[in-house]
Amino acid sequence: GQVLVATQVVEQSLDLDSVLCVDSFPAIRLYGKKIFTVILFTVALIAASDQLSTNAFKNIIKRPRPCHEAALEGKIHLVNNYCGGEFGFVSSHAANCFALFTFLFILKGRKEKLMIRLLLTWAVVASYSRIYLGVHYPGDVICGALLGALLGQLFSMIYFRLNTTS
């Protein structure tokens, strides 16, 4: 309740057209005065996705990354010898990217096809890079993407529920 009230006060008290040149900021033009709520939800979504993928999956399941597997030593070529943390299930990169993609797709996907295509391309490339770099198995990335998509959908449902009751 307090977060909703705070974002409503901020949205109502600021006249974005006079504070900023709206045409200069596509995100403001796209979301209008709700941009502050969208930013707040995006930050909360990424924080939730990142913490859940790490604390509820990696630290509980404890599956080693491919680059930490002795059987795969010498078969994986790391960039700058970087391997990441000890555990890899699920991929936080994939979870975060697909959480953001799904949330914004549900908010504006039908109207902003170019933005959605770019976000989807970014999410897929960033997720695939984790496999290419040898820091995740494909299953880590697929499950991370599914986790992110579910969280993105959940946060969009909450967003719409809070913004339709106000």
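Between S129 and A126 the shortest heavy-atom distance is OG-O, 2.6 Å. Nearest heavy atoms, S92 versus S53: OG-OG, 2.7 Å.
Remark: Q51 CD to I46 CD1 distance equals 12.0 Å, nearest 0.5 Å. In this structure, CD1 in I116 is found 11.0 Å from OG1 in T121, a value given to the nearest 0.5 Å. How far CZ of R130 is from OG of S91: 6.5 Å, rounded to the nearest 0.5 Å. For the atom pair CD of E112 and CG of L119, the computed distance is 10.5 Å after rounding to the nearest 0.5 Å. Rounding to the nearest 0.5 Å gives a distance of 11.0 Å between CG of L40 and CG of L45.
Side-chain contact check for N96 and S49: at least one donor-acceptor pair (N or O, by modelled atom type) lies under 3.5 Å.
Between V90 and D140 the shortest side-chain heavy-atom distance does not fall below 4.5 Å. Contact check for K58 versus R65: side-chain heavy atoms found under the 4.5 Å cut-off. Contact annotation: the side chain of F87 never approaches that of I61 to less than 4.5 Å [non-hydrogen atoms, C-beta and beyond]. Under the 4.5 Å side-chain criterion, counting only non-hydrogen atoms from C-beta, F98 is in contact with V124. Looking at heavy atoms from C-beta onward, Q153 lies in side-chain contact with I106 at the 4.5 angstrom threshold. Using a 4.5 Å heavy-atom threshold, the side chains of F57 and L147 count as touching. Side-chain contact between T37 and Y159 is present, with heavy atoms from C-beta onward closer than 4.5 Å.
Under a hydrophobic clustering in which Ile, Leu, Val, Met, Phe, Trp and Tyr are joined whenever their side-chain heavy atoms come within less than 4.5 Å, directly or via other members, L150 and I158 fall into different clusters. Hydrophobic clustering (ILVMFWY, side-chain heavy atoms < 4.5 Å, transitive): L133 and Y128 are in one cluster. Taken together through direct or relayed side-chain contacts under 4.5 Å among Ile, Leu, Val, Met, Phe, Trp and Tyr, L107 and W122 form part of one hydrophobic cluster. Grouping the Ile, Leu, Val, Met, Phe, Trp and Tyr side chains by contacts below 4.5 angstrom, directly or via other members, places I142 apart from L52. If you chain together hydrophobic residues whose side chains sit under 4.5 Å apart, F160 and F41 fall into the same group.
A donor-acceptor contact shorter than 3.5 Å links the side chain of H136 to the backbone of G88.
Aromatic rings of F155 and F103 (six-membered ring for Trp) have centroids beyond the 6.0 Å cut-off, not under it.
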